[in-house]
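Just so you know, residue 1 is the first one in the sequence shown, and it goes up from there. Whatever order the structure lists ligands and atoms in, that order sets their numbers, starting from 1. Any value given below was found using the heavy atoms of this structure, including those in side chains, with hydrogens, waters and symmetry copies removed.
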Amino acid sequence: MNFLIIFSFCLLTIATAMPDMTTQQRAQYDSIKAQTVSRLSSSGQQAQMRMDQMEQQIDSYYQSLPQSTQNELNSFHDQMKMNTRSIFGNGNNMGGFFRKMIVYIVVLAVLAIICYSFFINRLKGLPPGPPPLPLLGNVHQFDVDMDKNFFEWKKKYGKIFTIWMPHPVVVITDYKLLQEHIVKDGDKFSDRINPKMMMEYLVKGEYGLVFNGNAMWREQRRFALHALRNVGFNNTTIQNIAVDYSQEIISQWKKEGANKQPVDLTIGIMTGVANIIWHQTFGRTLPYGDPLFEQVNQLMRDVVVRMSHPVVLGLEVLPFIRHFDTLFGSPIKKLVESNDGLLDVIQKELEIVEKEFIDDETPKCYAEAFIAEMKRREAKGEDLAGFETTVTTLRFVLHYMVNNPEAQFKAQAEIDEKVGKRNIKMEDQKNLHYCNAIIQEVQRLANIVALNFTREVSAPVKIEGYDIPVGTGVIPEFSIVHLDENEFERPDYFCPERHINENGEFVKNPRITPFSIGKRSCLGEGLARMELFLYFTSFIQRLTFSSAYKVPPPLNVKIGFMRSPAPYEVIIESRD
Ligand code: HEM
């Protein structure tokens with residue numbers, strides 16, 4: 001903003017300071033004219049000579065006039081010059097006119113931008129916020145880590161503030177306000193502002209669950225919850241897969257980490273999480289290290305990163321930008337390629353399921369339930385949500401263990417005491433207080449969803465005295481609550497003990513909401529919580545993780561919309 005104002009004023013100064021033609025410039029002009037005349041054809045030169053002669057004749061006629069007539073003519077010409085200047089500007093030429101025009105346009109544009117930036121929120125009755133620019137909004141001010149912006153703006157403008165992306169979005173960063181509005185008044189915040197252009201590119205319409213804001217979402221969410229519950233959310237089959245599979249991962253890690261060889265845990269975690277989703281969705285599991293998982297993981301990461309490319313984000317406001325995709329390194333084309341790759345994998349898996357599906361049987365997985373539903377009526381759309389999020393959270397949990405060995409030992413001691421050597425089950429959760437506290441503390445600090453999804457206000461609402469009109473975006477930014485020093489003492493400090501009461505029991509904190517809140521909160525929360533608990537506790541029951549480096553690598557690296565730990569390797573020791 002400041003830059004724009006300074007730039008405009010420089011332009012203004014240059015334009016007004018531009019001098020008229022001087023005597024020296026006149027002489028230069030005459031000499032150039034003489035050179036040019038010399039290049040004319042002989043008839044051209046003759047015509048020019050005649051015109052010069054006529055000029056001389058006029059001049060000598062003028063000299064022959066009485067002084068009083070010369071004076072009268074001079075004053076007439078002066079008057080004409082003044083009149084012309086007042087119309088066309090200083091310099092008695094069209095250049096002056098255009099310079100003036102530029103000056104007026106620049107001044108008006110700067111004034112318009114200043115008025116827009118400083119008064120648009122007030123005019124619309126929205127909460128204050130950082131001054132936006134037309135078309136860009138506040139997008140140019142966003143830090144790589146948006147929490148930094150949010151903390152700064154919260155300090156300056158209060159618990160709720162407006163940012164322009166470039167449509168207005170009200171960001172709510174306070175626990176009580178989130179409860180009062182997003183939870184208690186949930187129906188008014190259940191729509192989404194859809195990235196329509198991006199959806200068109202990715203799935204040829206507004207399909208899917210996450211970005212869908214229309215009536216189809218309601219139906220699909222109801223269907224998904226029903227189907228997933230019926231085919232085994234939290235049920236023993238899924239639990240057994242997690243328990244059995246964790247043993248497979250542990251034995252692979254033991255082999256890979258033999259003789260203190262550093263191990264990257266990502267593939268193991270990824271296969272564990274993917275197999276739950278694969279079983280849930282397609283009704284089958286795949287062997288450890290199956291290249292399909294690596295392929296899906298890579299494609300998912302590419303999609304997440306490419307979705308947050310400025311050109312892709314800009315599509316919604318400046319759709320014509322798609323024609324210049326190649327100029328920016330083809331981010332749109334690359335996003336579509338990765339997404340198509342992902343859809344291909346899903347399509348192939350669906351074909352396998354469809355071949356084996358018997359109509360009369362109760363569906364064994366989401367895809368079978370989906371196929372049955374599609375047969376019943378025309379339906380479309382499929383999500384593979386929850387893969388990257390769960391993998392990233394588990395990578396965070398183990399990274400925090402590497403960084404905080406005393407917490408890991410304490411959790412292991414608790415497992416040894418309460419469970420012993422047998423495999424851990426979900427029913428052990430109520431006794432493993434410290435393990436629960438670790439997971440809650442990591443989720444509070446990790447905030448893997450770097451910027452929460454935007455809801456759309458579907459009926460007028462009043463928040464903190466501001467009338468928020470229908471159609472305005474709202475972001476329930478719970479990550480700011482997680483790191484609010486009014487809610488948590490030394491919020492940036494890893495301390496699972498803060499979630500343990502005086503009786504040594506785990507206390508679930510309603511202020512910690514990594515799965516978000518209200519009607520659009522995470523659909524896979526139950527499954528994700530189960531995976532986090534079973535995999536984390538099973539891993540540390542059998543293995544101890546420590547850093548492969550003197551100083552462990554940093555936490556909280558942002559990729560696209562997600563925050564995740566920088567790649568790290570660990571030393572694994574068996575506890576058997
Ligand atoms: C640790 C793991 C996970 C975290 C931290 C997480 C977090 C989130 C968050 C923050 C949202 C946005 C809610 C909002 O708009 O306010 C969301 C939405 C969603 N998540 Fe998750 N998620 C996780 C795992 C999963 C899993 C395992 C699944 C699927 C089985 C899943 C499916 C979804 C879906 C479908 C939505 C969109 C819901 C809607 O718009 O109605 N998530 N998740």
Which atoms from ligand 1 have a heavy atom of [X] less than 4.0 Å away?
X: A528; value: 2 (C), 24 (C)
X: F453; value: 12 (C), 15 (O)
X: P514; value: 5 (C), 7 (C), 10 (C)
X: I448; value: 5 (C)
X: V449; value: 10 (C)

For the 3.5 Å polar cut-off, considering only N or O atoms, please tell me whether [X] and ligand 1 meet it.
X: R192; value: yes
X: S516; value: yes
X: R520; value: yes

Neighbour count above 12 (heavy atom, 6.0 Å) for [X] [atom1]:
X: K124; atom1: NZ; value: no
X: E489; atom1: CD; value: no
X: K154; atom1: NZ; value: yes
X: I267; atom1: CD1; value: no

(message) Any atom of ligand 1 sitting under 4.0 Å from a heavy atom of R455?
(response) yes
Given [options], identify the one with the heavy atom nearest to [atom].
atom: atom 34 (C) of ligand 1; options: I276, N452, L523, L527; value: L523
atom: atom 42 (N) of ligand 1; options: C522, S190, P476; value: C522
atom: atom 1 (C) of ligand 1; options: T393, V273, I277; value: T393

(message) Check E351 with K348, please: is the shortest side-chain N to carboxylate O separation under 4.0 Å?
(response) no
(request) List the steps and the verdict of salt bridge (charged side-chain N to carboxylate O under 4.0 Å, His left out) for K334 and D302. (result) CA-CA 9 Å; K334 286 180 186 161; D302 288 350; over 6 Å; no
(request) Write down the atom of I438, the atom of A411, and the distance for their closest heavy-atom approach. (result) CD1-CB, 3.7 Å
(message) Which residue in the set K508, E441, E505, R444 passes side chain to side chain donor-acceptor pair (under 3.5 Å) when paired with H499?
(response) E441
